[in-house]
Amino acid sequence: MFATMRTLPTEIRQYLIVTGNYWAFTLTDGALRMLVVLHFHQLGYSPLAIAMLFVFYEFFGVVTNLVGGYLGARLGLNLTMNIGLGLQVVALLMLLVPSVWLTVPWVMAAQAVSGIAKDLNKMSAKSSVKMLVAKGEEGRLYKYIAVLTGSKNALKGAGFFLGGALLALMGFQGAIVLMATLLAAVWLMSIIKLKQDLGKAKNKPKFSELFSKSRAINILSAARMCLFAARDVWFVVALPVYLASQFGWDHTAVGGFLALWVIGYGAVQSVAPRITRSQSASAPDGRAALLWACLLTFIPAVIALIMAADYSPSYSQGALLLGLLLFGGVFAVNSSLHSYLIVSYASDDGVSLDVGFYYMANAMGRLLGTLLSGWVYQQFGLIACLWISTLLLGITAVISVWLPRR
């Protein structure tokens with residue numbers, strides 16, 4: 001395999017290394033999340049309390065994307081990607097302390113380190129693809145981004161399964177040791193093989209240039225923030241708790257279903273270029289993003305209306321599960337379009353600055369959605385979460401009106 005890689009063009013080899021790093025990281029990230037959820041569930045923590053363990057994970061994503069984009073432009077994307085891999089190893093090692101030390105503040109701190117690692121890795125991977133595709137090859141760039149993004153989410157879902165399996169087979173600490181060891185090996189390989197000047201800006205950006213001055217990127221970032229808040233306001237806390245409390249599913253069933261959902265979501269993202277191809281012979285633009293945002297807006301509204309009509313429990317359950325699958329498919333296309341557009345809009349010199357700013361908005365949306373999901377569900381229930389999701393998607397569609405048309 002390594003002999004075959006040496007015969008490939010340099011840009012393809014670098015793309016495969018970047019993708020491999022991203023895959024390895026994502027697999028451990030999904031497994032770690034499931035390990036923490038299941039382990040603390042066994043310790044008797046409530047679902048809402050478990051969800052709050054991940055608040056720092058999302059919060060530090062906001063800061064990391066902003067600062068990480070600056071570092072990537074000044075130091076090179078290879079360095080920020082490798083820092084992300086190294087920090088994930090540190091986050092895993094932090095959880096190897098004796099069980100009595102695994103307090104909520106300590107786990108939140110470990111999740112904060114993991115959140116920093118995740119967003120450094122993601123920002124570096126997405127930005128790197130821009131540097132590895134020839135300028136003007138927008139269709140190829142769209143396909144590369146779609147494959148990278150879709151495979152990431154499919155592997156995150158596989159990571160949910162992996163986390164549960166490792167916990168059952170090896171216990172909490174055994175699973176952590178195995179993942180830390182394997183990821184450390186990937187990290188060392190990346191340090192040796194990844195191109196040293198990848199993504200380094202020719203003109204060193206100033207710290208004052210962290211915030212994007214591009215109108216297109218600012219509009220897309222605002223749309224992205226609302227899009228992901230609309231997903232997480234009912235998906236992060238409300239949905240798992242509802243499936244467990246109202247449907248009577250055990251924790252394994254809930255985790256398995258959500259893992260399959262994420263895998264399917266990633267699969268749709270990977271083939272998004274085929275799905276959107278009928279709209280245009282060329283790569284998509286802001287018009288496609290507006291169309292798919294409008295389509296997505298109706299889905300949580302219809303689910304909420306059916307559930308509010310108070311039909312039989314089996315009817316409501318079927319509507320929720322079917323609606324969730326439909327939401328996942330349409331949301332995946334929206335996400336893939338956005339992921340392509342940000343890389344397309346980003347400046348060639350210092351691409352990570354623009355991508356970092358955009359994913360800062362993404363992290364803000366996830367943080368907002370996570371907090372709203374716990375509070376709104378606790379106060380008003382799942383239907384209220386669905387209506388707030390509809391409102392946020394409507395705002396996403398309105399913002400998307402101003403995205404550039406090519």
Lys156 versus Asp29: any side-chain heavy-atom pair under 4.5 Å?
-> yes
Side-chain donor-acceptor pair present, Tyr340, Asp285, cut-off under 3.5 Å = no
Does the side chain of Glu137 come within less than 4.5 Å of Leu141's, by heavy atoms?
-> no
OG/Ser339 to CG/Leu220 distance, rounded to the nearest 0.5 angstrom?
-> 9.0 Å
So do Met189 and Ile17 actually touch side chain to side chain, heavy atoms under 4.5 Å?
-> no
Phe25 backbone acceptor or donor facing Thr28 side chain under 3.5 Å | yes
For Asn121, what residues pass the side-chain hydrogen bond (donor to acceptor under 3.5 Å, both in side chains) criterion, not counting sequence neighbours?
-> none
With the side chain counted from C-beta on, respond yes when Val302 and Leu326 share a heavy-atom pair under 4.5 Å apart, and no when they do not.
-> no
Kindly indicate whether the side chain of His338, heavy atoms from C-beta on, has any atom under 4.5 Å from the side chain of Tyr358.
-> yes
Do Ser214 and Tyr345 touch side chain to side chain, with heavy atoms closer than 4.5 Å?
-> no
Does Asn153 reach the main-chain N or O of Val262 with its side chain, forming a donor-acceptor pair under 3.5 Å?
-> no
Please identify each residue that fulfils side-chain hydrogen bond (donor to acceptor under 3.5 Å, both in side chains) with Tyr242, with sequence neighbours left out.
-> none
Between Leu87 and Ala117, which heavy-atom pair has the shortest distance, and what is it?
-> CB-CB, 3.7 Å
When rounded to the nearest 0.5 Å, the distance separating CD1 of Ile219 from CH2 of Trp402 is 8.0 Å
Given side chains that start at C-beta, do those of Phe247 and Phe257 come closer than 4.5 Å, heavy atoms only?
-> no
Heavy-atom side-chain contact between Leu258 and Phe235 under 4.5 Å = yes
For Phe56, look at atom CZ and say whether over 12 heavy atoms of other residues, nucleotides or ligands are found less than 6.0 Å away.
-> no
Scan the side chains in residues 167-184 for donor-acceptor partners under 3.5 Å anywhere in the protein, sequence neighbours excluded, and list what turns up.
unit_1	atom_1	unit_2	atom_2	d
Gln173	NE2	Leu96	O	3.2
Gln173	NE2	Val97	O	3.0
Thr181	OG1	Val177	O	2.8

Pairs satisfying salt bridge (charged side-chain N to carboxylate O under 4.0 Å, His left out), at least one member in residues 324-336, at least two apart | none
Among all residues two or more places apart in sequence or in another chain, which pass the ring pair (Phe, Tyr, Trp, His ring centres under 6.0 Å) test with Phe298?
-> none
Sorted by chain and residue number, the salt bridge (charged side-chain N to carboxylate O under 4.0 Å, His left out) partners of Arg366 (sequence neighbours excluded) come out as Glu58, Asp232
Please collect all side chain to side chain donor-acceptor pair (under 3.5 Å) contacts where either partner lies in residues 79-107, sequence neighbours excluded, each pair once.
-> Thr80-Ser124, Asn82-Ser190, Gln88-Ser114
Donor-acceptor pair, side chain of Thr149 and main chain of Ala146, under 3.5 angstrom | no
What one should report as the nearest heavy-atom pair of Ala229 and Leu368 is CB-CD2, 4.1 Å
Is a donor on one side and an acceptor on the other found under 3.5 Å between the side chain of Thr64 and the backbone of Phe60?
-> yes
Applying ring pair (Phe, Tyr, Trp, His ring centres under 6.0 Å) to Tyr265 and not counting sequence neighbours gives Trp261, Phe331
Between side-chain atoms of residues 384-395 and protein atoms elsewhere (two or more places apart, or another chain), which donor-acceptor pairs fall under 3.5 Å?
unit_1	atom_1	unit_2	atom_2	d
Ser389	OG	Ala230	O	2.7
Thr390	OG1	Ala301	N	3.2
Thr390	OG1	Leu386	O	3.0

side-chain hydrogen bond (donor to acceptor under 3.5 Å, both in side chains) involving Ser335 - partner list, sequence neighbours excluded | Gln269
Residue pair Ile399 / Cys226: nearest heavy atoms and the distance that separates them | CD1-SG, 4.2 Å
Identify, with sequence neighbours excluded, every residue that meets side-chain hydrogen bond (donor to acceptor under 3.5 Å, both in side chains) alongside Tyr142.
-> Thr276
Applied to residues 92-114, the salt bridge (charged side-chain N to carboxylate O under 4.0 Å, His left out) test, sequence neighbours excluded, yields none
Measure across Ala289 and Leu341 and return the closest heavy-atom pair with its distance rounded to 0.1 Å.
-> CB-CD1, 4.0 Å
Could you state the interatomic distance from CG (Asn362) to CE (Met360), rounded to the nearest 0.5 Å?
-> 10.5 Å
d(Arg231 CZ, Thr396 OG1) to nearest 0.5 Å is 12.5 Å
For Trp234 and Ser373, test the side chains for any donor-to-acceptor distance below 3.5 angstrom and give the result as yes or no.
-> no
Please say which of Thr370, Leu371, Leu372 ends up in a side-chain contact (heavy atoms from CB on, under 4.5 Å) with Val233.
-> Leu372
What distance do Tyr315 atom OH and Ile306 atom CD1 have between them, rounded to the nearest 0.5 Å?
-> 5.5 Å
Closest non-hydrogen contact found for Ala31 with Leu162 is CB-CD2, 4.2 Å
Distance col, row Ile145:CD1 vs Arg140:CZ, nearest 0.5 angstrom, shows 12.5 Å
Nearest heavy-atom approach of Ala293 to Thr297 is O-OG1, 2.8 Å
Enclosure of Met364 CE (heavy-atom neighbours >12, cutoff 6.0 Å) = no
